[in-house]
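Right, one structure below, let's go through it.
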Amino acid sequence: CSKHIMQVIYENHEKWLNGRLKGIGGSDASAVVGYNPYKSNVDLWEEKTGIKQPEDISNRDYVKYGHDAEPLLVKLFALDYPQYQVSYNDNFRVNYNDDYNFLFCTRDCDLVDKATGIKGALEIKTTELLNSMQKEKWNDQIPTNYYCQVLQYFITDKELQFVWVKAQIKSDFGDGKIVLKTKHYYFTREQCQEDIEWLTNQEIAFWDKYVQKGVRPNRLLPNI
């Protein structure tokens with residue numbers, strides 16, 4: 001791996017989970033700034049300070065579905081976008097910010113543009129729409145909590161220049177007809193630069209002022 005990138009490959013799922021407690025990961029980032037619909041900044045602080053254990057959701061049906069569908073959706077992306085060399089991260093390989101080793105993420109896939117050698121990444125999402133409000137969040141954009149995850153990809157690898165999100169969006173209306181839509185979203189470091197800097201500063205402040213000092217933060221009202 002490049003000298004600019006700090007990576008750790010954990011031996012198994014349990015060690016990967018333990019490693020996650022020592023910093024802010026991709027799925028944590030949105031909770032820091034009040035954009036996570038499932039977890040507040042106070043919930044996250046309680047997890048990182050050891051007051052409570054993170055909930056284990058690995059046995060939930062939607063998580064199992066996403067886990068099993070992921071490698072298949074990666075293969076479809078590789079077929080649809082042959083201009084990229086696609087490397088699936090099927091182990092517990094974690095990227096850390098080389099200035100702040102408490103900022104990290106586990107990428108789904110590494111991409112390399114075959115023509116230019118430019119580095120990118122791919123994030124796979126599977127979701128089921130339960131109402132029209134959820135549908136609206138995927139119209140020409142991705143939900144903000146997932147956008148924070150994209151920003152974390154950039155935050156933890158300075159060489160990364162673009163991120164694709166491939167989303168499989170399922171609607172099941174209970175009439176035996178399942179409707180699947182696949183959408184692709186493209187982000188560049190350049191277009192996200194202001195947001196990258198903003199989120200980095202928010203995460204550093206959260207870790208230094210609250211987690212490290214054991215000071216409970218004020219609860220952010222969800223900006224959802």
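None of the values given here were measured: they were computed from a predicted structure.
- Proximity of the aromatic rings of W207 and F102 is defined here by a centroid distance below 6.0 angstrom, and this criterion is met.
- The main-chain N or O of L220 is found under 3.5 Å from a side-chain atom of N41 such that the two form a donor-acceptor pair.
- By the 6.0 Å contact criterion, NZ on K209 is open, its count of non-hydrogen atoms from other residues, nucleotides or ligands being 12 or less.
- A salt bridge links D28 with K48: at least one charged nitrogen is closer than 4.0 Å to a carboxylate oxygen.
- A distance of 7.5 Å separates OG1 of T126 from CG of L73, quoted to the nearest 0.5 Å.
- Under a hydrophobic-cluster definition in which Ile, Leu, Val, Met, Phe, Trp and Tyr are linked whenever side-chain heavy atoms come within less than 4.5 Å, directly or via other members, L44 and I51 are assigned to the same cluster.
- The two residues F206 and I24 have their closest heavy-atom pair at CD2-CD1, 3.9 Å.
- Listed here is the closest heavy atom pair of D140 and Y185: C-CE2, 4.2 Å.
- Hydrophobic clustering (ILVMFWY, side-chain heavy atoms < 4.5 Å, transitive): I196 and V165 are in one cluster.
- Taking the salt bridge (Lys or Arg N to Asp or Glu O under 4.0 Å) definition, one finds that E70 meets it with nothing, sequence neighbours left out.
- For Q53 against E47, the heavy-atom pair with the smallest separation is C-CG, 4.5 Å.
- Distance check, rounded to the nearest 0.5 Å: SG of C109 to CG of L122 gives 4.5 Å.
- How far CG of N95 is from CG of L160: 8.5 Å, rounded to the nearest 0.5 Å.
- Using a 3.5 Å distance cut-off with no hydrogens or angles, the side chains of Y147 and D195 do pair a donor with an acceptor.
- When the side chains of ILVMFWY residues are joined at heavy-atom separations under 4.5 Å, either directly or via intervening members, V33 and L151 end up in a single hydrophobic cluster.
- Clustering ILVMFWY residues whenever any of their side-chain heavy atoms sit less than 4.5 angstrom apart, transitively, puts L180 in a cluster other than the one holding I142.
- The local environment of NE2 in H67 is sparse, with at most 12 non-hydrogen atoms from other residues, nucleotides or ligands closer than 6.0 Å.
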Verdict with supporting geometry, E123 and Y153, side-chain hydrogen bond (donor to acceptor under 3.5 Å, both in side chains): CA-CA 9 Å; E123 171 71 13; Y153 272 32; 2.3 Å; yes
Side-chain polar contacts of residues 74-81 - donor-acceptor pairs under 3.5 angstrom, sequence neighbours left out - could you list them?
none

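- By the 4.0 Å N-to-carboxylate-O rule, K166 lies too far from D108 to be salt-bridged with it.
- Checked against side chain to side chain contact (heavy atoms under 4.5 Å, CB included), Q191 has the following partners two or more places apart in sequence or in another chain: F187, T188.
- V86 and I118 fall within the same hydrophobic cluster, defined by Ile, Leu, Val, Met, Phe, Trp and Tyr side-chain heavy atoms under 4.5 Å apart, directly or through other members.
- Between I169 and K183, the closest side-chain pair of non-hydrogen atoms falls below 4.5 Å.
- When side chains are defined from C-beta on, V94 does not count as touching C105, because their heavy atoms never get closer than 4.5 Å.
- Judged by distance alone, the side chains of E190 and Q161 never bring a donor and an acceptor atom under 3.5 Å apart.
- Within a 6.0 Å radius of CG in N218, other residues, nucleotides and ligands contribute 12 heavy atoms or fewer.
- K114 places a side-chain N or O within 3.5 Å of a backbone atom of P82 that can act as its donor or acceptor partner.
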Evaluate the side chain to side chain contact (heavy atoms under 4.5 Å, CB included) criterion for residues R107 and Y88: first the C-alpha distance (whole Å), next the side-chain angles of each, then the deciding distance (0.1 Å), finally the verdict. CA-CA 9 Å; R107 297 204 295 246; Y88 180 48; over 6 Å; no
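- Residues E203 and L199 form a side-chain contact, since some pair of their non-hydrogen atoms from C-beta on lies under 4.5 Å apart.
- A31 and K39 get closest at one heavy-atom pair: CB-O, 3.6 Å.
- Note that CD1 of I204 is 8.5 Å distant from CD1 of I155, once rounded to the nearest 0.5 Å.
- With salt bridges taken as basic N to acidic carboxylate O contacts below 4.0 Å, none links K213 and D208.
- Here the CD atom belonging to E128 is positioned 10.5 Å from the CD atom belonging to Q168, to the nearest 0.5 angstrom.
- Judged as a side-chain hydrogen bond (donor to acceptor under 3.5 Å, both in side chains), and not counting sequence neighbours, the contacts of Y84 are W164.
- Taking each heavy atom of P217 and V42 in turn, the nearest pair found is O-CG2, 3.6 Å.
- Inter-residue side-chain proximity for Y146 and Y35 is flagged as unmet; no heavy-atom pair is nearer than 4.5 Å.
- The minimum heavy-atom distance between E159 and R189, with the atom names listed, is N-NH2, 4.4 Å.
- Ionic pairing of K158 and D98 is present here: one or more N-O contacts between side-chain nitrogen and carboxylate oxygen are shorter than 4.0 angstrom.
- Side chain of Q85 to backbone of L111: no donor-acceptor contact under 3.5 angstrom is found.
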Intermediate values then yes/no, side chain to side chain contact (heavy atoms under 4.5 Å, CB included), V150 and Q152: CA-CA 5 Å; V150 168; Q152 195 80 343; over 6 Å; no
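- The backbone N or O of Y210 sits less than 3.5 Å from a side-chain atom of W45, completing a donor-acceptor pair.
- With sequence neighbours excluded, the residues satisfying salt bridge (Lys or Arg N to Asp or Glu O under 4.0 Å) with K52 are D43, E46.
- Judged as a side-chain hydrogen bond (donor to acceptor under 3.5 Å, both in side chains), and not counting sequence neighbours, N97 has no contacts.
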Side chain to side chain contact (heavy atoms under 4.5 Å, CB included) evaluation trace for V163 with F154: CA-CA 8 Å; V163 175; F154 288 122; 3.7 Å; yes
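- Side-chain contact between Y65 and K170 is present, with at least one heavy-atom pair separated by less than 4.5 Å.
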Evaluate the criterion side chain to side chain contact (heavy atoms under 4.5 Å, CB included) for residue pair D157 and K119; output intermediate values, then yes/no. CA-CA 10 Å; D157 185 348; K119 282 180 55 178; 3.2 Å; yes
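- Atom CH2 of W198 sits about 6.0 Å away from atom SG of C148, to the nearest 0.5 Å.
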